[in-house]
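To keep things clear, I will list the structure first and then write my remarks on it.
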Amino acid sequence: MNCPAASPVIEPEWLSRPAPEVAPDLVGCTLVRQFADGNVLRGVIVETEAYAPGDPAFHAYRGRSPRNWIVFEQAGHAYVYLIYGMYHCFNVVTDRTGIPSAVLIRALQLETPPPGIDLPPAQLHRVAAGPGKLCRVLQIDLTDNAQVLQPGGRFWLEHRLPAMQELLEQQPLHLVQTTRIGLTKGVDTPWRWYLKQSPAVSKP
DNA sequence: TTGGCGATGCTG
DNA sequence: AGCATCGCCAAT
């Protein structure tokens, strides 16, 4: 047996905080995707954005709707939506029930090549750089909306590996905070975080 | 290296 | 009408 190291699973309670607190903490953690055939693909989260109550850029800004209802539910669910008619975006629902909050996962650093994709090994770090590309490579679509994030399911989250935790504790400037991308409202709210020097970030 | 634009379909 | 995107192509 030659199992890769894995950190403890992230529980819903850990996610039951405001999105602007959870989003930076999720950088460096691992998102695990289990496909229908049982195969598992994992990637380190290298870029996140927070969306919270009162935020005009948030889908839930004008209240509950058939699309966004899940972000009002308990922390630890997936919120998946279609954007520009052709891409999907994957979010982690955070905070308490009734408080709409979500963290958009914008980029992953994959640890192994994704299934069914031939690519130059040098390009591995680009295939999940961006929220739409991430969902394409993880085969995420609207059927994944409202899934519970838990081991054995389609997705779960794992805490930072010790080396990553040490890096961010000793070099906190490696976690960069800046403004969000692709918005027309809330453009000045600094709720995007990314891992400095990661080649897999969508926009360094 | 940067900037503009079209694809494409759901949302409120 | 607008959109939490992406990749192509032109201009620099």
Side-chain angles (χ1 to χ4, degrees), chain A residues 15 18-27 29 31 33 43 45-73 75 77-95 99-110 114 116-120 122-147 149 155 157 175-195 197-204:
Chain A
L15 299 166
E21 292 182 23
V22 175
D25 287 354
L26 275 176
V27 173
C29 297
L31 174 64
R33 164 66 154 142
I45 297 169
V46 296
E47 185 178 0
T48 60
E49 284 180 359
Y51 292 86
D55 172 9
F58 193 16
H59 292 163
Y61 185 56
R62 297 175 194 284
R64 198 179 300 245
S65 75
R67 176 174 68 164
N68 67 23
W69 63 274
I70 190 62
V71 304
F72 291 80
E73 299 302 316
H77 288 89
Y79 170 45
V80 179
Y81 60 86
L82 181 66
I83 189 66
Y84 298 111
M86 59 181 83
Y87 297 105
H88 299 273
C89 290
F90 179 87
N91 299 248
V92 175
V93 174
T94 73
D95 216 324
I99 302 180
S101 305
V103 173
L104 172 66
I105 308 300
R106 286 192 55 90
L108 297 179
Q109 174 114 38
L110 295 184
I117 297 188
D118 266 344
L119 53 95
Q123 295 303 313
L124 178 58
H125 59 278
R126 296 305 305 170
V127 298
K133 297 167 72 178
L134 181 161
C135 285
R136 178 196 299 168
V137 72
L138 294 194
Q139 301 176 35
I140 294 170
D141 60 29
L142 292 181
T143 68
D144 297 305
N145 186 49
Q147 283 287 305
L149 307 180
F155 310 94
L157 295 162
L175 182 51
V176 180
Q177 176 177 11
T178 183
T179 53
R180 296 174 295 184
I181 289 180
L183 309 171
T184 58
K185 292 165 283 189
V187 293
D188 295 325
T189 304
W191 282 357
R192 182 165 72 102
W193 290 266
Y194 66 88
L195 202 53
Q197 296 169 337
S198 168
V201 169
S202 78
K203 185 187 170 216

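Computed from a predicted structure; not experimentally measured. Every chain is numbered from 1 and lettered A, B, ... according to where its sequence line falls, protein lines coming before strand lines. Below, each value reflects all heavy atoms present in this structure, side chains not excepted, and no hydrogens, waters or symmetry copies.
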Q | Spacing of CD1 belonging to A:I140 relative to CZ belonging to A:R33, to within rounding of 0.5 Å | A | 6.0 Å
**Q.** Interatomic distance where CD1 belongs to A:I105 and C1' belongs to C:dT5 [whole Å]
**A.** 17 Å
Q: Could you check how far NZ of A:K203 sits from P of C:dA4, rounded to whole Å?
A: 16 Å
Detail all sub-3.5 Å separations between protein N/O atoms and N/O atoms belonging to nucleotides 8-12 of chain C.
none

Q | Residues which pass side chain to side chain donor-acceptor pair (under 3.5 Å) with A:D55, listed by chain and number, not counting sequence neighbours | A | A:R180
Q) Please give, in whole Å, the distance from C:dC3 P to A:Y61 OH? A) 14 Å
Q: Provide the full list of side chain to side chain donor-acceptor pair (under 3.5 Å) pairs with a residue in residues 57-71 of chain A, sequence neighbours left out, each pair given once.
A: A:H59-A:Y79, A:S65-A:N68
Q | Spacing of A:T48 atom OG1 and A:R192 atom CZ [to the nearest 0.5 Å] | A | 9.5 Å
Q) Within this structure, what is the CD-to-P distance between A:E47 and C:dT5, rounded to whole angstrom? A) 10 Å
Q | Between C:dG2 (C1') and A:Y81 (OH): distance, integer Å | A | 14 Å
Q) With sequence neighbours left out, what residues match A:R136 under side chain to side chain donor-acceptor pair (under 3.5 Å)? A) none
Q: Could I get the full list of side chain to side chain contact (heavy atoms under 4.5 Å, CB included) partners for A:I83, not counting sequence neighbours?
A: A:Y81, A:Y87, A:C89
Q. Which parts of nucleotides 5-12 of chain B does protein reach within less than 4.0 Å, heavy atoms only, written one letter per nucleotide 5' to 3' as B for base, S for sugar-phosphate only and - for none?
A. --BBBSSS
**Q.** Those residues that, when tested against A:Y194, pass ring pair (Phe, Tyr, Trp, His ring centres under 6.0 Å) (two or more places apart)
**A.** none
Q | Atom pair CG/CG of A:L104 and A:N91 - distance to nearest 0.5 Å | A | 5.0 Å
Please list every donor-acceptor pair under 3.5 Å in which a side-chain atom of residues 182-190 of chain A meets a protein atom from a residue at least two apart or in another chain.
none

**Q.** Secondary structure string for DNA chain B (Watson-Crick or G-U under 3.5 angstrom, | for other-strand pairs)
**A.** |||||||.|||.
Q | C:dC3 phosphate, OP1 or OP2, under 4.0 Å from A:T184 side-chain N/O | A | yes
**Q.** Test side chain to side chain contact (heavy atoms under 4.5 Å, CB included) applied to A:P24 - qualifying residues, sequence neighbours left out
**A.** A:L175, A:W193
Q | Atom of A:P18, atom of A:D95 and distance for their closest heavy-atom approach | A | CA-OD2, 3.2 Å
Q | Residues from residues 130-140 of chain A lying under 4.0 Å of DNA chain C - heavy atoms | A | A:G130, A:P131, A:G132, A:K133, A:R136
Q.
The criterion is side chain to side chain donor-acceptor pair (under 3.5 Å); which residues satisfy it with A:S202, sequence neighbours excluded?
A. A:E47, A:R106
Q: Hey, could you give me the CG/CD1 distance between A:L157 and A:I105, rounded to the nearest 0.5 Å?
A: 7.0 Å
